[in-house]
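Report on the following structure.
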Amino acid sequence: MNLAFWKKNKDSQPKKKKSAVREWLDAGIFAIIAATLIRTFIFEAYTIPTPSMEKTLLVNDFLFVSKISYGPRIPMTPLAVPFVHHTLPFTKSAKAYSEAVKWKYRRLPGFSDIKRYDVVVFNFPEGDTVAIDSPDPSYYNMVRATGWQSVQNSYEIVQRPVDKRENYIKRCMAQAGDTLKIIDGAVYINGQAAPVPPGSQHKYIVETTGDQLNASRLEELGIATTAPDFYQIDGSKFLYNLTPANVAALKQFPIVKNITIYEDANFGDFNYNSIFPHDTAHFKWTDENFGPMYVPKKGVTVKLEESNIALYDRIIRVYEGNTLERKDGKFIINGQPADTYTFKMNYYWMMGDNRNNSLDSRFWGFVPEDHVVGKAWLIWMSYGEGGIRWSRIFRNIK
């Protein structure tokens with residue numbers, strides 16, 4: 001056989017041209033695969049929906065979140081609709097993923113570990129169970145307040161795997177192995193005062209000679225004069241939500257006599273119960289006075305006692321997948337008596353910079369390392385009531 005002639009004959013046959021539909025389909029599939037890989041392993045876009053990080057981050061800031069900073073997390077629920085987080089569009093609770101295939105938590109190498117004071121995006125730790133259409137994002141907080149049966153009767157309840165829980169963004173105030181304490185709103189890590197982010201806000205009582213502060217001057221300083229960031233207590237005392245720079249500026253006003261940090265004087269038993277670890281018998285902590293408390297580190301062993309089990313109960317049962325029972329005054333873990341526990345993961349303590357308007361670790365506890373999505377990196381777009389905030393575009397997040 002003349003193979004050279006056959007090859008020549010074959011090469012001379014015209015190739016069938018792809019149809020326009022086929023070309024668009026191929027391009028679309030390639031784009032979806034490429035975008036999914038970038039979103040999973042390199043960076044992802046994220047929007048700030050609430051004021052819990054103001055003024056560091058504002059509502060309607062659009063961010064890029066770096067997945068490679070701490071190492072990309074391998075998807076734990078890989079069968080999912082592209083570009084959709086947990087719920088199909090135009091539905092309230094239809095899942096956008098399948099749990100037919102589940103992978104264990106794994107993370108590729110990154111450029112650094114999670115460090116104190118990083119701004120971090122993570123999956124909501126209490127988001128394993130969700131009450132659809134509830135105004136309270138925490139199912140467990142509602143159960144503590146009104147009872148399990150009431151919540152079951154009032155809402156549609158769904159469960160979600162780790163990587164399909166709501167995304168939250170906060171600042172990491174304590175890393176694994178740290179001891180955290182809050183005294184009158186000031187955070188201390190390992191006995192040392194933690195630095196206060198320049199954009200961090202806290203509510204203060206501003207006492208004047210009896211006159212109100214000039215509204216125009218307050219606006220120039222970026223101080224809100226409307227609720228919930230402002231309230232007139234009496235004729236000479238006013239409640240403002242202020243940054244450290246705001247406090248320093250107001251102290252220079254001739255009519256300002258005193259500025260003190262605010263703590264709710266009506267903090268009762270219900271509020272104590274809403275504060276982690278939700279054990280009013282052993283912990284009378286508030287959002288302004290909290291701890292001291294150890295943040296668990298992988299490989300560290302702690303002694304289990306009635307006085308501290310509330311701190312570690314959810315870690316042992318939910319985050320690290322063990323059974324935990326109490327029998328005859330003793331703890332039974334995976335069917336065996338135990339008076340100690342060794343942590344399998346690192347944990348972190350996350351807080352919002354807008355301290356009095358933030359649902360954070362003070363209310364739901366530790367963030368496990370397998371919940372961490374990535375590091376907040378760059379603001380690529382921002383808009384408010386006046387339109388685009390040009391000064392915030394392409395600003396690094398610190």
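A ring-centre distance under 6.0 Å is not found for Trp377 and Tyr46.
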>> As a quick check of understanding, evaluate side chain to side chain contact (heavy atoms under 4.5 Å, CB included) for Asp184 and Asn289, giving each step before the final call.
In response: CA-CA 6 Å; Asp184 295 334; Asn289 289 280; 3.3 Å; yes
> Are Arg144 and Glu126 close enough, and set up right, to give a salt bridge (Lys or Arg N to Asp or Glu O under 4.0 Å), and what steps lead you there?
Replying inline: CA-CA 13 Å; Arg144 286 188 290 268; Glu126 285 195 343; 3.8 Å; yes
>> For a side chain to side chain contact (heavy atoms under 4.5 Å, CB included) check, start with the C-alpha distance between Asn123 and Asn167, then their side-chain angles and the critical distance, and finish with the verdict.
In response: CA-CA 5 Å; Asn123 298 116; Asn167 290 324; 3.2 Å; yes
> After noting the C-alpha distance and the side-chain angles of Lys181 and Phe290, does the key distance pass the side chain to side chain contact (heavy atoms under 4.5 Å, CB included) rule?
Replying inline: CA-CA 6 Å; Lys181 189 173 185 177; Phe290 189 101; over 6 Å; no
>> Go through it in stages, so that I can follow the logic: the residues are Met173 and Arg171, the test is side chain to side chain contact (heavy atoms under 4.5 Å, CB included), and I'd like the CA-CA distance, side-chain angles, deciding distance and then a yes or no.
In response: CA-CA 6 Å; Met173 293 304 296; Arg171 190 178 297 276; 4.0 Å; yes
> Given the rule in the side chain to side chain donor-acceptor pair (under 3.5 Å) test, do Trp390 and Tyr383 qualify, once you have shown the distances and angles that lead to the verdict?
Replying inline: CA-CA 8 Å; Trp390 294 104; Tyr383 70 86; over 6 Å; no
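Here Lys102 pairs with Glu99 under the salt bridge (Lys or Arg N to Asp or Glu O under 4.0 Å) rule; sequence neighbours left out.
The structure places CD1 of Ile379 at 5.5 Å from CG of Leu57, a figure rounded to the nearest 0.5 Å.
Tyr70 and Asp118 share a donor-acceptor pair across their side chains, judged by distance under 3.5 Å alone. Remark: the His85 side chain and the Glu166 side chain contain no N/O donor-acceptor pair separated by less than 3.5 Å. Between the side chains of Lys95 and Thr87, no donor N or O sits under 3.5 Å from an acceptor N or O. A side-chain donor from one of Thr342 and Thr301 sits under 3.5 Å from a side-chain acceptor of the other. One side chain, His371 or Arg165, offers a donor N or O that lies under 3.5 Å from an acceptor on the other. Judged purely by distance below 3.5 Å, without hydrogens or angles, the side chains of Lys257 and Thr208 never pair a donor atom with an acceptor atom. No hydrogens or angles considered: nothing links the side chains of Asp136 and Ser134 as a donor-acceptor pair under 3.5 Å. Side chain to side chain, Gln201 and Thr243 fail the donor-acceptor criterion of an N or O pair below 3.5 Å. For the residue pair Tyr294 / Asp178, no side-chain donor-acceptor distance below 3.5 Å is found, with atom types taken as modelled. Using modelled atom types and a 3.5 Å distance limit, the side chains of Ser93 and Glu156 yield a donor-acceptor pair.
A cation-pi contact, defined as under 6.0 Å to the ring centre and within 45° of the axis, links Arg314 to Tyr140.
Taking the six-membered ring where the residue is Trp, Phe366 and Tyr347 present perpendicular rings, their angle passing 60° and hence far from 30°. Ring-plane geometry between Phe124 and Trp364 is classed as perpendicular, the angle between the planes exceeding 60 degrees on a 0 to 90 degree scale with a lower cut at 30. Taking the six-membered ring where tryptophan is involved, the planes of Phe238 and Tyr240 are tilted, since the angle between them lies from 30° to 60°.
Residue Asp61 is tested with Lys55, Arg392, Arg395 for a salt bridge (charged side-chain N to carboxylate O under 4.0 Å, His left out); the sole match is Arg392. Screening Asn241, Asn354, Asp353, Asn356 for a side chain to side chain donor-acceptor pair (under 3.5 Å) involving His202 leaves a single residue, Asn356.
Under the 4.0 Å criterion applied to side-chain N and carboxylate O atoms, Lys344 and Glu320 are not assigned as salt-bridge partners. Look at Asp328 and Lys330 and you find no salt bridge, because none of the NZ, NE, NH1 or NH2 atoms lies under 4.0 Å from a carboxylate O.
Under a cut-off of 6.0 angstrom, the local environment of CD in Gln192 is sparse, with at most 12 non-hydrogen atoms contributed by other residues, nucleotides or ligands.
For the pair Ile48/Leu58, no side-chain contact is recorded, criterion being any heavy-atom separation below 4.5 Å from C-beta on.
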